[in-house]
Amino acid sequence: MQRESAGSLRSTDIGRRVRLAGWVHRVRDHGGVLFFDLRDRSGICQIVVSPTDAASAAASRLRPEWVIAVEGTVRTRQEGAKNAKIATGEIEVSDVALEVLSESDVPPVLPSANDVPDEAVRLRYRFLDLRREEMQRNLALRHRVLQATRRYLDAAGFYELETPMLTRSTPEGSRDFLVPSRMQPGAFYALPQSPQLFKQLLMVSGFERYFQIVRCFRDEDLRADRQPEFTQIDIEMSFAQQEDVLSLAEGLTKSLVAEAGWDLSLPLKRLTYKDAMARYGSDKPDLRIPLEIIDLGTLADAFDTPLIQGALAAGGVLRGLRAPGGAALSRKQWDELGREIERFGVKSVPYVIRDADGLRGSLAKALQPQAQDALIGALGLAVGDAAAILAGEDEKVSLALGVLRLSFADRFALRKPGHRFLWVTDFPLMEWSEEEGRAVSRHHPFTHPNPADLGRLEDEPLAVRAQAYDLVLDGVEVAGGSIRIHERLLQERIFKLLGLTEEETRNKFGFLLDAFRYGAPPHGGVAFGFDRLIMLLAGASSIRDVIAFPKTAKGTDLLTGAPAEVAKAQLEELRLREMPPEEAKR
RNA sequence: GGAGGCGUGGUGUAGUGGUUAACAUAUGUGCCUGUCACGCACAAGAUCGCGGGUUCGAUUCCCGUCGCCUCCGCCA
């Protein structure tokens, strides 16, 4: 007899003899009649065993998480015993034959429990944690979106091509995971941070449209939305302009989010990097928050305080941000807000509060009385609102207000329901790295500059815009990409600006530059952070909740115990030796 | 690298410088014929993460350490 899904039985199945198999979810033993819920991937179904049934003795032995097979008859539940809360609540399976396939110890993570155990316990017993309905749902969604990706891109003429996982370390970007080579002692493979160079080579090779659902590796510190290995939907297209890539990515996004029941209307909103920073203080603004940063430059003269006047004299800006209901913030809370933006060189948050009598607050005294109404109007302050007002260097003021914007949203629950996508375009090509004392690529060194800015590449490199774009969803970067440089000479100019010597570039990227000598098509692409996207679609608060076997914040796997020491013989084979701690210190 | 939070029966929590560490659930036994987070009774179950210090006495206070989480730095 063919096995069926427990969760898919309905009243239309009444009278049928069925065979089910799965896990014992909950047992309700009344001494006489006994009920239990049988759970499989599809859901749960109530099995009823009468004291006169042959299976009665076996049923009373059943415990949670035993694996059993059941053969029985689907029947309607008695009137008044139907359960509208579950999909199979109209029916039950009776007159059963029971077979225990596997017993279970008392499980540390009980899939039927309401309380979710501590995450360390969940990760240690991940195979049990994954039985929980939430995790089953998340990974099922992940599966569906993966399949939708393949369907969409295949239909759009993309080849799914694979690239090496054992590759070479390249400069720029994040720290590599290294794999020592046995056959080339002293040499190392690197696991790919992304298949960037390979997908460009595939364009040179004439495949025209490539995609890959690919694991990427970055040896950096973890976050709720960052794992050392993660999955990208990697896409590259030849003979494509930025518009072609954006439009492809939008179409794909629409079909992917539809798997979660989201309806997306295209085209998506767009914002330049410059505007995003000015209006939201972030290159990945959360547009669910109905707050915008306001430039107060025209009111600058109304503030009689050296802090503001000094900042403006130094070429700075004056900007404010409304905090709806912010009058309720205590002195202590303003201090907390100040600590959140300390890293931008702000010592405390100057603010004003509008109450029934007018403005008060740390900055109100410095404001000329006749300018009060103008300030209230500019910031849109209602009675009960407050506003943070910062003066200083453009980028720092923006970023600081961007942080406050998020903080206000948290404190006053300002985020509107629903979801907001947007493209952020025209990123700067390069940015200054204090640490390295040179310009570094903001995206990666193969990003094509905006053709309109090519003339000032050497003179004002930091002002050059890139043909690079990010897709942002609710304040999270879910995809990013660029048009690539396919001209060898331009690529060499960029390397030079980045301070990479010819020898270095030949050594590290020679193969790519070589390839570009033999007819490289213009090309560009985009990569989706797949786990993050699923996290947002699933409404999960951590990327770990959409990955079957994730790592902890310290990069360990509590299930397998990785990373672990290896046998001396393995190290010898690789000609590796542990460095004494005192030597490793420096 | 830095900051913060958490760590108490299997699990989730409460709690206290002082007798026997409480509750829920899970577990075991018994009772129970329509439950669905079934119910009732009884029982068993805890080196209060680990190490050190303060104290007559520490699960509680202090220091260190380990583990988990969050954030900053970092992550093209």
Side-chain angles (χ1 to χ4, degrees), chain A residues 25-37 44-53 56 60 63-65 77-86 88-89 92 94 104-125 128-129 170-176 193-194 196-197 216-228 230 336 339-344 403 406-407 410 427-431 433-436 439-447 466 468 470 477 480-482 494 498 527 529 541-542 544 551-554 556 558:
Chain A
H25 191 64
R26 281 199 187 94
V27 183
R28 296 177 290 278
D29 186 349
H30 290 241
V33 68
L34 175 150
F35 304 93
F36 68 93
D37 296 325
I44 62 172
C45 176
Q46 174 165 285
I47 315 290
V48 57
V49 182
S50 293
T52 51
D53 288 358
S56 178
S60 62
R63 292 294 176 269
E65 301 310 307
R77 293 194 184 188
Q78 291 178 6
E79 229 25 74
K82 299 187 176 180
N83 187 347
K85 283 186 284 186
I86 57 175
T88 57
E92 63 194 2
S94 65
S104 169
D105 288 353
V106 176
V109 179
L110 190 64
S112 63
N114 298 312
D115 293 326
V116 180
D118 184 79
E119 193 162 0
V121 177
R122 293 174 53 202
L123 292 175
R124 167 71 185 82
Y125 297 96
L128 293 178
D129 185 49
T170 52
E172 307 274 310
S174 70
R175 191 178 295 117
D176 286 318
Q193 299 171 23
S194 83
Q196 184 60 38
L197 299 175
C216 302
F217 303 86
R218 295 177 189 177
D219 188 5
E220 298 292 347
D221 286 357
L222 277 52
R223 284 287 191 287
D225 63 352
R226 269 170 22 196
Q227 282 274 303
F230 61 98
E336 283 167 15
R339 278 195 292 281
E340 288 179 38
I341 55 173
E342 251 175 2
R343 67 193 129 111
F344 303 110
V403 168
L406 296 178
S407 199
D410 289 338
F427 276 86
L429 184 69
M430 295 182 257
E431 60 192 356
S433 166
E434 289 295 340
E435 195 181 322
E436 309 206 23
V440 296
S441 294
R442 179 163 180 115
H443 188 52
H444 58 57
F446 319 108
T447 306
D470 279 356
E477 179 197 329
S482 63
I494 299 290
L498 294 172
S541 53
S542 159
R544 295 184 300 276
K551 309 276 189 289
T552 67
K554 287 212 174 139
T556 65
L558 296 180

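What you see is a predicted model, and the numbers here were worked out from it, not measured in a lab. Just so we're on the same page: letters track the sequence lines, and every chain starts at 1.
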What does A81(A) touch in the nucleic acid at a heavy-atom separation under 4.0 angstrom: a base, only the sugar-phosphate, or nothing?
base
Watson-Crick or G-U wobble partner for A3(B), using a 3.5 Å limit on both distances?
U70(B)
Mind checking R26(A) for me? I need base, sugar-phosphate or nothing, with any heavy atom below 4.0 Å counting as a touch.
sugar-phosphate
So, are E79(A) and K82(A) salt-bridged, with charged N and O less than 4.0 Å apart?
yes
Do the side-chain N or O atoms of R28(A) get closer than 4.0 angstrom to the phosphate oxygens (OP1, OP2) of U35(B)?
no
Measuring only the P atom in each nucleotide, how far is U29(B) from G15(B)? A whole number of Å is fine.
34 Å
Verdict with reasoning, S407(A) to E336(A), per side chain to side chain contact (heavy atoms under 4.5 Å, CB included):
CA-CA 10 Å; S407(A) 199; E336(A) 283 167 15; over 6 Å; no
So what does D29(A) touch, heavy atoms closer than 4.0 Å: a base, only the sugar-phosphate, or nothing?
base
At what distance, to the nearest 0.5 angstrom, does NZ of K554(A) lie from CG of L222(A)?
11.5 Å
Quick one: CD on Q196(A) to OG1 on T447(A), what's the gap to the nearest 0.5 Å?
7.5 Å
Where each residue is assigned the nucleotide of RNA chain B containing its nearest heavy atom, which of S50(A) and G89(A) is assigned the position nearer the 5′ end?
S50(A)
Taking OP1 and OP2 of C69(B), is either one under 4.0 Å from a side-chain nitrogen or oxygen of R223(A)?
no
Pairing donors with acceptors under 3.5 angstrom, does anything connect the side chains of S174(A) and E220(A)?
no
Side-chain (R63(A)) to main-chain (S104(A)) donor-acceptor, under 3.5 angstrom
no
At less than 4.0 Å, is any side-chain N or O atom of K82(A) found next to OP1 or OP2 of G34(B)? Yes or no.
no
Would you classify E477(A) as touching base, sugar-phosphate or nothing, given that sugar-phosphate means primed atoms plus P, OP1 and OP2, and contacts are heavy atoms under 4.0 Å?
nothing
Are any of T552(A)'s side-chain N or O atoms less than 4.0 Å away from OP1 or OP2 of C68(B)?
yes
Under 4.0 angstrom, heavy atoms only, what part of the nucleic acid is L34(A) near: base, sugar-phosphate, or nothing?
nothing
By nearest heavy atom, map F446(A) and A553(A) onto RNA chain B; which one lands nearer the 5' end?
A553(A)
Using the C1' atom as the reference point in each nucleotide, state the distance between A24(B) and G39(B) in Å, no decimals.
16 Å
State whether S94(A) places a side-chain N or O below 4.0 Å from either non-bridging phosphate oxygen (OP1 or OP2) of G34(B).
no
Heavy-atom donor-acceptor pair, R218(A) side-chain to C74(B) base, under 3.5 Å:
no
Regarding S112(A), tell me which of base, sugar-phosphate or nothing describes its non-hydrogen contacts under 4.0 Å with the strands shown.
nothing
Heavy-atom count check: over 12 atoms from other residues, nucleotides or ligands less than 6.0 Å from D105(A) CG?
no
Salt-bridged, R28(A) to D37(A), with N to O below 4.0 Å?
yes
With both distances under 3.5 angstrom, what nucleotide forms a Watson-Crick or G-U wobble pair with U59(B)?
none
Stacked pair H30(A)-C38(B), distance under 5.5 Å, angle under 30°:
yes
Is the phosphate of C36(B) approached by K85(A) (side-chain N or O, under 4.0 Å from OP1 or OP2)?
no
Regarding R122(A), tell me which of base, sugar-phosphate or nothing describes its non-hydrogen contacts under 4.0 Å with the strands shown.
nothing
Candidate nucleotides C72(B), U70(B), U35(B), ranked by approach to the side chain of Q46(A) - the nearest
U35(B)
Please produce a list of atom pairs where a protein N or O lies less than 3.5 Å from an N or O of nucleotides 5-13 of chain B.
from   : atom 1 : to      : atom 2 : distance (Å)
G12(B) : OP1    : D118(A) : N      : 2.4

So, does Q227(A) use its side chain to make a donor-acceptor pair with the main chain of K551(A) at under 3.5 Å?
yes
Name the nucleic acid region contacted by R63(A), choosing base, sugar-phosphate or nothing; use a 4.0 angstrom heavy-atom cut-off, strictly under.
sugar-phosphate
Under the 3.5 Å rule, do the base of G4(B) and the side chain of R339(A) count as making a donor-acceptor pair?
no
Does A41(B) pair with anything, Watson-Crick or G-U wobble, both distances under 3.5 Å, and if so, with which nucleotide?
U29(B)
May I ask which nucleotide in the shown strands pairs with A22(B), Watson-Crick or G-U wobble, both distances under 3.5 Å?
U13(B)
Determine whether a donor-acceptor pair (one donor, one acceptor, N or O, separation below 3.5 Å) exists between the side chain of R226(A) and the base of C75(B).
yes
